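Everything below concerns the one structure shown next.
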Amino acid sequence: MSLASLAQAGILETIPPHARYLTCQLRVGADPRTVLRRLASQADGASTVVGLGASLVGELGAAVPGLRSFRGIDDARIKLPATPADLWLWLRGTDRGELLMRSRHLEALIAPTFDVQEITDAFNHNGGRDLTGYEDGTENPEGDEALPVALMPESAGPHLAGSSLVAVQRWHHHMSRFEAMPRGQQDHTIGRELESNEELDEAPDSAHVKRTAQESFDPEAFILRRSMPWAEGNEGGLVFTAFGHSLDAFEALLRRMSGAEDGITDALFTFTEPVSGSYYWCPPVHEGLIDLRAVGL
């Protein structure tokens with residue numbers, strides 16, 4: 001069986017036209033097993049991607065290699081909020097109304113033991129661009145190259161192969177700050193030319209592209225990005241999601257971005273900032289449904 005067939009399909013597919021993210025917390029003293037079995041029997045991993053936090057896995061008396069709670073980055077020069085949660089649901093679709101109804105159904109399904117703490121609606125903007133207008137995820141691995149980056153290998157063991165670890169941050173863009181920049185400064189902030197998407201050799205060391213050149217790390221820090229813009233009223237930003245066979249590559253990138261590595265902070269922080277940060281384990285699938293056997297269910 002191929003590694004791709006074991007993964008939640010929504011991880012490997014391109015981002016959908018619309019999405020909704022649910023962040024959920026286990027109620028104190030509640031036993032999550034019955035609800036999780038019910039959720040696993042209905043979630044297909046394609047239209048609904050499921051992630052379990054380290055605290056929830058621990059509550060089940062289990063452990064997933066490499067899974068931990070996000071606690072920020074030591075020596076970071078900027079604020080990196082840590083907002084761990086127990087359960088993360090990424091609803092994918094083409095119609096916002098359908099996502100709303102599916103979201104309500106899932107909220108009712110998990111209500112006996114989980115409280116939904118946050119709901120974020122997201123969308124595909126201008127063919128996969130950030131709200132700034134710049135293309136997002138240019139360096140993403142594609143096709144078969146994405147599999148060893150995003151998924152745990154066969155050697156991970158029974159019921160773990162094909163699963164993934166995901167880092168999730170919701171970034172809030174201060175759009176007025178970005179809009180006040182001359183185009184040249186915007187390009188140097190990102191490190192690419194807006195229209196052509198070409199990298200700028202003369203961009204400063206603080207440019208986002210230079211801070212996050214995945215092949216410049218040792219070992220190389222490749223991740224599979226599936227980020228989507230969000231908006232509410234006149235505010236907006238990016239729901240950053242980075243899937244990997246481990247969380248080490250994401251932390252290496254964030255360490256450099258935050259200035260913890262060499263004192264240079266990513267120029268992105270001049271106009272945007274993360275307001276949340278959490279890690280989850282996305283189980284594999286078995287016969288088209290979420291497979292929780294690795295955590296004893």
Side-chain angles (χ1 to χ4, degrees), residues 66-84 129-141 145-146 148-150 165-175 177-178 180-194 196-227 237-279:
L67 177 63
R68 51 188 179 270
S69 293
F70 179 68
R71 303 192 184 282
I73 297 293
D74 290 341
D75 301 320
R77 296 197 167 196
I78 45 80
K79 185 177 180 181
L80 298 170
T83 56
R129 292 178 180 264
D130 179 67
L131 292 179
T132 58
Y134 289 83
E135 188 173 327
D136 186 58
T138 299
E139 301 296 329
N140 255 348
E145 292 183 356
V149 170
L165 297 169
V166 62
V168 183
Q169 292 177 308
R170 185 166 66 88
W171 288 69
H172 176 218
H173 293 355
H174 299 275
M175 294 302 297
R177 297 182 195 171
F178 187 78
M181 297 179 185
R183 171 58 60 79
Q185 184 180 354
Q186 293 176 349
D187 286 350
H188 280 178
T189 296
I190 304 301
R192 293 183 182 274
E193 199 277 326
L194 176 64
S196 68
N197 199 40
E198 292 293 327
E199 288 192 29
L200 302 175
D201 291 335
E202 72 277 15
D205 290 340
S206 61
H208 180 59
V209 166
K210 290 193 173 182
R211 290 278 88 193
T212 58
Q214 297 171 95
E215 68 281 356
S216 69
F217 292 81
D218 185 19
E220 295 179 336
F222 283 98
I223 55 175
L224 182 65
R225 295 178 56 161
R226 289 291 183 257
S227 306
L238 190 73
V239 181
F240 176 86
T241 56
F243 292 94
H245 64 269
S246 82
L247 296 165
D248 294 345
F250 168 75
E251 290 195 351
L253 291 165
L254 194 57
R255 187 173 297 110
R256 183 178 291 176
M257 287 177 63
S258 67
E261 181 180 279
D262 57 10
I264 302 173
T265 56
D266 195 306
L268 285 185
F269 292 107
T270 61
F271 76 90
T272 187
E273 60 187 348
V275 295
S276 68
S278 51
Y279 292 151

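Remember, it's a predicted structure, so these values are computed and weren't measured experimentally.
Legend: residues meeting ring-ring contact (aromatic ring centres under 6.0 Å, His included) with F271, ordered by chain and number and at least two apart, are H173, F178. Scanning for side chain to side chain donor-acceptor pair (under 3.5 Å) contacts around R255 gives an empty result, with sequence neighbours left out. Legend: residues meeting side chain to side chain donor-acceptor pair (under 3.5 Å) with T270, ordered by chain and number and at least two apart, are absent. Partners of E139 by side chain to side chain contact (heavy atoms under 4.5 Å, CB included), not counting sequence neighbours, listed by chain and number: R192, E199, Q214.
Within 6.0 Å of atom CD in E145, 12 or fewer heavy atoms from other residues, nucleotides or ligands are found, so the atom counts as exposed in its surroundings.
For the residue pair A221 and A252, the shortest heavy atom distance occurs at CB-CB, 4.4 Å.
T189 contributes atom OG1, which lies 9.0 Å from atom CG of D266 (distance to the nearest 0.5 angstrom). How far CD1 of I190 is from CG of L268: 5.0 Å, rounded to the nearest 0.5 Å. Residue R211 holds its CZ atom at 6.5 Å from CD of E261, rounded to the nearest 0.5 Å. For the atom pair T272 OG1 and W171 CH2, the distance stands at 6.0 Å (nearest 0.5 Å).
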Please tabulate, for side-chain N and O atoms in residues 70-83, each donor-acceptor pair with protein atoms closer than 3.5 Å (sequence neighbours left out).
residue	atom	partner	partner atom	Å
T83	OG1	G277	N	2.9
T83	OG1	G277	O	3.3

Contacts under 3.5 angstrom, residues 239-246 side chains, donor-acceptor by atom type, not counting sequence neighbours:
residue	atom	partner	partner atom	Å
T241	OG1	R226	O	2.7
H245	ND1	P148	O	3.0
H245	ND1	V149	O	3.3
S246	OG	D248	N	3.2

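Looking at S69, its side chain never comes within 3.5 Å of a backbone N or O of P84 through a donor-acceptor pair. A donor-acceptor contact shorter than 3.5 Å is absent between the side chain of R225 and the backbone of I223. No donor-acceptor pair closer than 3.5 Å links the side chain of E135 to the backbone N or O of T138. Put simply, the side chain of K210 gets close to the backbone of A203: a donor and an acceptor are under 3.5 Å apart.
Checked by atom type, the side-chain pair Y134/N197 shows no donor-acceptor distance below 3.5 Å. Y279 and E251 share a donor-acceptor pair across their side chains, judged by distance under 3.5 Å alone.
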